[in-house]
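Below is one structure; the comments refer to it alone.
Chain identifiers are assigned alphabetically (A, B, ...) following the order of the sequence lines, protein sequences preceding nucleic acid strands; residue numbering begins at 1 within each chain.
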2 protein chains.
Amino acid sequence: MARKRSKAGAIRLTEVAKLAGVSPITASRFFRNPEALSVSKRERVESAAKELGYVPNLAARALASQRTEVIGVLIPSLTNNVFNDVLRGIYDASEGSRYSIQFVNTRYSILQEEKLLRLFQAQKPSGLIVTGINQTEASIDIMKAMNCPIVQIMEIGPEPVDMMVGFSHYDAAFAAVSHLISQGRRRIGIIGARMDPRVQRRLEGYRDAMKQAGLADPALILTTPTPTGMTLGGTLLADLLAQVPDLDAVFCINDDLALGALFECQRRQIPVPEKLAIVGFNDMEFMASAFPSLSSVRTNRYEMGRDAVTMLIDAIEGRRPEKPVVDLGFELMVRGSSARPRA
Amino acid sequence: MARKRSKAGAIRLTEVAKLAGVSPITASRFFRNPEALSVSKRERVESAAKELGYVPNLAARALASQRTEVIGVLIPSLTNNVFNDVLRGIYDASEGSRYSIQFVNTRYSILQEEKLLRLFQAQKPSGLIVTGINQTEASIDIMKAMNCPIVQIMEIGPEPVDMMVGFSHYDAAFAAVSHLISQGRRRIGIIGARMDPRVQRRLEGYRDAMKQAGLADPALILTTPTPTGMTLGGTLLADLLAQVPDLDAVFCINDDLALGALFECQRRQIPVPEKLAIVGFNDMEFMASAFPSLSSVRTNRYEMGRDAVTMLIDAIEGRRPEKPVVDLGFELMVRGSSARPRA
DNA sequence: GCCGCTCGTGGTAGCGCTGTCAATCGGTGC
DNA sequence: GCACCGATTGACAGCGCTACCACGAGCGGC
C-alpha cells in the first residue's frame, strides 16, 4: 500500500522532479524562484512540468510556507458603482504579480466586516485592503494581530492601522458647496442616502461651508438611510422642493442621486441650471454626457485601487513606502448644471 | 526540539482538543459536523475553542481533505453594471452557507478565462460559476476534468458543460424589436458596443425580426468593439442619424447606450418618443426614472446569480437538479420612450 | 444471554509542499 | 597548491488538519 489516500490522476511535484531528474526541492524552487536554478535544471524542470501538466497544490504550499499569495479586499457594496472603479484599479495593479485578489462584501456593516476579517485571518493572506476608517475595536485588533500589510482606502484619517490611500470627503464636499456659493446660489440644499461614514463626512463639509457663508438652514438638509439610486434622487429632490420652494441649488452626495434629480427637474420643467443648480459627487462617466452636463467632484477611484495594491505589494516584499498615508485629492468638475444663473 | 517551525501564537486544533479533554479528531468533527458529537463533548470543545480564540487553518484543512469550500466565479467585467446584480444574487445565496465565493475577472477574454480556470484547478473549488457558453476547447476540457459541479450563467444553450441558468438573448432582442415594429416604427436602427457573444446574439435577434418584417437594411446597424458607456451611446446615435436621417427608432443593446442616446436626443431637441423611439436592454434601475422613462428588456440578473449558487450548492451536496438547464426568461418593459407616435 | 447493529470516539498515517541547514562544486586569491 | 567563498543542490522533517479504520459501549431482538 504505497499511498493510502492518493487521488488517481493528481500529479505532484515529486513526479515532476523525478521526470526532470532533480530533487523535489529543486523543482519546488523552480516555481518560486527560477533564477536560483542553473539554466540546465531550469529547462529540465520546465519541460517536465509541461509534459505532465503539473498544477501546484496551493493548499499544500500554503500549509508548508505558512502564507498564501492572496490579497484580501473588503468592500462595503457591490451595487455601488463607485467600487467598480476601485476594483478595476485593484485588478489592474495585481495583474502580472504573483498575488491573487480575494474580495468580500461587508454590506456596509462593521460587524460583518469583523466577521470577514476573522475569516481572512484563517487564510493568512499576504495583504489586506479594507474600506474606510470606521472599523470596530475588535476589527482593529484582528488587523493588528494579522501581521501582514494593510491598506485602508477611500478616505484618509489621522490614525492608519498601517497604510492609507484616499482623500478627504469633507474637503471635497466643502469645495463643491463653496463653488455653488461662489456662483451666487444661496438656498443650497443637500440630498443624501445610505449615509455611510464617508457620506456623513460629506454632509459635514456641506454644513461647515454653509455655516461659514451664513447660509445654514436645517430645512435644506434631506437625508435617508435607505440605499441610494436614481429613482430615490428624484423622490428626495421632490421632497426637498416641497420643504424649500425657493431652493436654487442642490448638492447630491452621489451621482446617482444627481441624475435622478436632473430627471425630476425635467419632469417638472424646472430649468437646470437657470432655476436650480445640481452638483453630484464622484464624477461617474454619465455626468459629463447628461444634458445639461452635470457638475461633480471627481474622485480618483481607479487610482485608489491601483495605488493601494502597489503599496501593498511593495510592503509585502519589504519595500515600505516612505509615506504611509497617500492623499489622492479630488477635482471639482464644473459643468453646465451649476453655471451661474443669468442676472 | 518539539516543534521546529512552529509560530509563536498559533493555536491549533490539538490545543483545543487538549483543553477540552478530547482527541483532536473529535475536536475536528466539532467544526465540521457538530451533530455527530455527544452534547457534553460538543459543549466542551465549543468553550475550549472560544477560550483559546481558535481559528482553523484553512490550508491544512484543504490539504488534508482534498477540497476547499470555495465557489469560484468567473465573470467578464467589473465595470459592467449588469454583473453587479448577478454578483449580489450570488453573494446573497451563498450567505449563511459554508461556502465562500471567490470571483475573478476574465475581461471578456476566453484566453484569460482559460488561464483563470487553470488557476482554479490548482485550488480545488467545490463548485464553479462561469459566464456564457463560449469557452475554448481547452477550457471545456479543464472544466470537465475538474470533477466539481459547474453552472454556466447569463445565457442558455444546447450543450451545458454541467448546468445552466440564463435566458435567450436572441429571443429577448427579437421581442424588443417586434415591439417597436408593432408600434408602427419602420426605420429601426440598432447600436451596439463591445460585441461580446451575448451581444452578438441580440444582434441576431434584431436582424431576424427586421428580416421577417421586411424592414432589414444594413445601414440601420451600427456597432463598435470598443467598451460601452453613456457617452458612446450619444456618439453612436449621432453617427447612426448621420447615416439614416429618417431613423424612427433605435434599439440599444444595453441600457447605458440607451441613456446616452436619450441625452443626445435632448441635446439635439429630437422629441422622444414622437420622432424617435428608444429601447434598451437589461432594465437597469435608471431606465424607469429617466424622463421620458425608457423602455427596456428586463433580465433577471439577481435571480440568475442566486439560482446558480443554489443549484451549485445542491449539486455539491448531492442533490442534483432534475433539470440542468434553467431558463429565467425576460420581460419587455414598455415605457414612455417607445410609445406609439401620434398619427 | 448472545448476536449484530449503530453510535460515538480515538489512533495512525498521511495530504503535497517548503523551511532549514548541510553538502557539494567550481572558481579565486595568495 | 590550498584554504576559502559564493552559488547550487539535496535530505530531512514537519506545516495543521482529516480520511480511514478500529474499537468499545449501549441496545433491541430472539
Side-chain angles (χ1 to χ4, degrees), chain A residues 1-45 49 52-69 98 121-124 126, chain B residues 1-45 49 52-69 98 121-124 126:
Chain A
M1 192 165 63
R3 292 166 43 65
K4 210 168 80 176
R5 277 184 289 167
S6 71
K7 299 257 283 218
I11 286 142
R12 284 154 313 158
L13 195 54
T14 322
E15 267 95 67
V16 176
K18 201 170 287 171
L19 180 62
V22 299
S23 71
I25 189 67
T26 301
S28 167
R29 272 193 274 262
F30 167 77
F31 292 100
R32 291 173 295 150
N33 184 16
E35 282 72 33
L37 300 200
S38 63
V39 178
S40 71
K41 303 231 163 172
R42 198 186 312 171
E43 282 166 355
R44 268 154 61 198
V45 176
L52 295 173
Y54 171 69
V55 178
N57 182 319
L58 263 33
R61 178 179 289 179
L63 180 59
S65 67
Q66 299 278 29
R67 63 197 158 71
T68 59
E69 282 166 353
R98 62 199 309 160
Q121 201 178 8
Q123 243 177 98
K124 304 180 196 297
S126 290
Chain B
M1 191 165 65
R3 294 165 45 66
K4 211 168 80 175
R5 277 184 289 167
S6 72
K7 302 255 281 213
I11 286 146
R12 285 153 315 160
L13 195 53
T14 323
E15 267 94 67
V16 176
K18 201 170 288 170
L19 180 61
V22 300
S23 71
I25 189 68
T26 301
S28 167
R29 273 192 273 262
F30 167 76
F31 292 101
R32 292 174 294 148
N33 185 16
E35 282 74 31
L37 301 202
S38 64
V39 178
S40 70
K41 304 231 165 176
R42 198 187 308 172
E43 282 165 356
R44 270 152 60 196
V45 176
L52 295 173
Y54 171 69
V55 178
N57 182 320
L58 264 34
R61 178 179 289 180
L63 180 58
S65 67
Q66 299 279 26
R67 62 199 155 70
T68 58
E69 282 168 352
R98 61 199 310 159
Q121 202 178 7
Q123 243 177 98
K124 305 180 194 300
S126 290

Atom-pair distance (NZ on B/Lys124; P on D/dA19), nearest Å: 14 Å

For B/Ala62, answer base if it contacts any base atom (sugar-phosphate contacts may also be present), sugar-phosphate if it contacts only those atoms, and nothing otherwise; contact means non-hydrogen atoms under 4.0 Å. nothing

Using a cut-off of less than 4.0 Å, is there contact between a side-chain N or O of A/Ser38 and OP1 or OP2 of D/dT8? no

Given A/Val55, which of B/Gln123, B/Lys124, B/Gln121 fulfils the side-chain contact (heavy atoms from CB on, under 4.5 Å) condition? B/Gln121

Can you tell me the distance, in whole Å, between the CG atom of B/Leu63 and the C1' atom of C/dG14? 9 Å

Checking D/dC17, C/dG10, D/dT9 against the side chain of A/Thr26 (C-beta onward), the nearest is D/dT9

Quick one: CZ on B/Arg61 to CZ on B/Arg67, what's the gap to the nearest 0.5 Å? 9.5 Å

Side chain of B/Arg12 only, heavy atoms from C-beta on: which candidate in C/dG19, D/dC17, C/dG10 is closest? D/dC17

Nearest to the side chain of A/Val22, which nucleotide is it out of D/dG10, D/dT9, C/dG16? D/dG10

Indicate the atoms forming the closest heavy-atom contact of A/Leu13 with A/Pro24, along with that distance. CD2-O, 3.8 Å

How is A/Phe31 classified with respect to the nucleic acid when contacts are heavy atoms under 4.0 Å: base, sugar-phosphate, or nothing? nothing

Taking only side-chain nitrogens and oxygens of B/Arg32, does any of them come within less than 4.0 Å of OP1 or OP2 of D/dA19? yes

Rounded distance (Å) that lies between atom C1' of D/dA7 and atom CZ of A/Arg42: 13 Å

Would you indicate what B/Arg29 reaches in the nucleic acid, counting non-hydrogen atoms under 4.0 angstrom: base, sugar-phosphate, or nothing? base

Looking at A/Glu15 and A/Arg12, would you say the former's side chain and the latter's main chain have a donor-acceptor pair under 3.5 Å? yes

Whole angstrom is fine here: how far is it from CG in A/Asn57 over to P in D/dC17? 17 Å

N/O (side chain, B/Gln66) to phosphate O (OP1/OP2, C/dG16) under 4.0 Å: yes

Of the candidates D/dG10, C/dG10, C/dT18, the side chain of A/Ser23 sits closest to D/dG10

Side chain of A/Ala60, heavy atoms from C-beta onward: which of D/dA19, C/dG16, D/dG16 has the nearest atom to it? C/dG16

From the list B/Arg44, B/Glu43, B/Arg29, side-chain contact (heavy atoms from CB on, under 4.5 Å) with B/Leu37 holds only for B/Arg29

Report the distance from atom CZ of B/Phe30 to atom C1' of C/dG8, rounded to the nearest whole Å. 16 Å

Among C/dG10, C/dT18, C/dG14, find the nucleotide with the atom closest to the side chain of B/Ala64. C/dG14

Taking only the side-chain heavy atoms of A/Arg61 (C-beta and beyond), determine which of D/dA19, D/dC17, C/dC17 contains the nearest atom. C/dC17

Taking 4.0 Å as the cut-off, does a side-chain nitrogen or oxygen of A/Arg67 come that near to OP1 or OP2 on C/dG19? yes

For A/Glu15 and C/dC17, what is the distance between atoms CD and C1' respectively, to the nearest whole Å? 13 Å

Grab the two heavy atoms, one from B/Val22 and one from B/Ala27, that are nearest each other, plus how far apart they are. CG2-N, 4.1 Å

Just how far, in rounded Å, is C1' of D/dT18 from CG of B/Asn33? 13 Å

Between D/dG16, C/dT18, C/dT9, spot the one nearest the side chain of B/Leu37, thanks. C/dT9

Reckon B/Lys41 has a side-chain N or O less than 4.0 Å from the OP1 or OP2 of C/dG10? yes

Euclidean distance, atom CD1 of residue A/Ile25 to atom P of C/dA23 [Å, nearest integer]: 17 Å

